[in-house]
Amino acid sequence: MVIGVLRVELTLHGNASLKGKRSVAQSLKRKMRNKFNVSVAEVESQESHTRLVLAAATVGTEWAHVEGRLTKCLNMLEAASPEEITDSSIELFGAE
C-alpha cells in the first residue's frame, strides 16, 4: 500500500475577504476531487485572506501510479487556476 500527499500553497492576489477565499478553495477542491478522485482539505492559514494551503491525499498499490496521480493533480491546478502557486510538495509513504 502506498499513501501519497500533495501539499499546495497558493497566494490569492487581490482577495479581500474570507468569503472570496472560500469560493476559490471550494472550486479548486471540487475540480481535484472530480477529476482525480482524491481527498482534499484546506490545512493551514484558514483565517488568512490571501494565503490558501490545500492538501490532497490518495492511496494505491504502486508508487508510480500514486505519484503520477498527484503530479497530474498539481499540473491541473497550475493550468486551471489563475492564482499563484508559491510552494508545492509530494510525499509518498508505504512499503514495496
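A heavy-atom distance below 4.5 Å is not found between the side chains of Val59 and Val2. Put simply, the side chain of Glu42 reaches to within 4.5 Å of the side chain of Lys21, judged on heavy atoms. The side-chain heavy atoms of Trp63 and Leu92, taken from C-beta on, include a pair separated by under 4.5 Å. Leu70 has its side chain within reach of Thr58: a pair of non-hydrogen atoms, C-beta onward, lies under 4.5 Å apart.
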Given the rule in the side chain to side chain contact (heavy atoms under 4.5 Å, CB included) test, do Glu9 and Glu44 qualify, once you have shown the distances and angles that lead to the verdict?
-> CA-CA 9 Å; Glu9 182 178 329; Glu44 294 177 29; 5.6 Å; no
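Note on residues 24-40: no pairs pass side chain to side chain donor-acceptor pair (under 3.5 Å), not counting sequence neighbours.
Expressed to the nearest 0.5 Å, how far CG of Leu6 lies from CD of Glu67 amounts to 11.0 Å. Separation of atoms CE (Met76) and CE (Met32) is listed at 6.0 Å; rounding is to 0.5 Å. Distance check: Glu83 CD to Leu12 CG gives 4.5 Å after rounding to the nearest 0.5 Å.
For the residue pair Arg7/Ser89, the side-chain donor-acceptor check at 3.5 Å is not satisfied.
Considering all non-hydrogen atoms of both residues, Ser17 and Gly20 come closest at OG-N, 3.0 Å. For the residue pair Ala55 and Val43, the shortest heavy atom distance occurs at CB-CG1, 3.6 Å.
Following chains of ILVMFWY side-chain contacts shorter than 4.5 Å, one can reach Phe36 starting from Leu54, so the two form part of one hydrophobic cluster. Cluster membership check: Leu74 shares its hydrophobic cluster with Val66, using side-chain heavy-atom separations under 4.5 Å among Ile, Leu, Val, Met, Phe, Trp and Tyr. A chain of hydrophobic side-chain contacts below 4.5 Å, direct or via other Ile, Leu, Val, Met, Phe, Trp or Tyr residues, connects Leu77 to Ile90.
Residue-environment remark: CD (Glu78) exceeds the threshold of 12 foreign heavy atoms within 6.0 Å.
Considering Thr11, Ile85, Leu28 as possible partners of Leu52, the one that fulfils the side-chain contact (heavy atoms from CB on, under 4.5 Å) test is Leu28.
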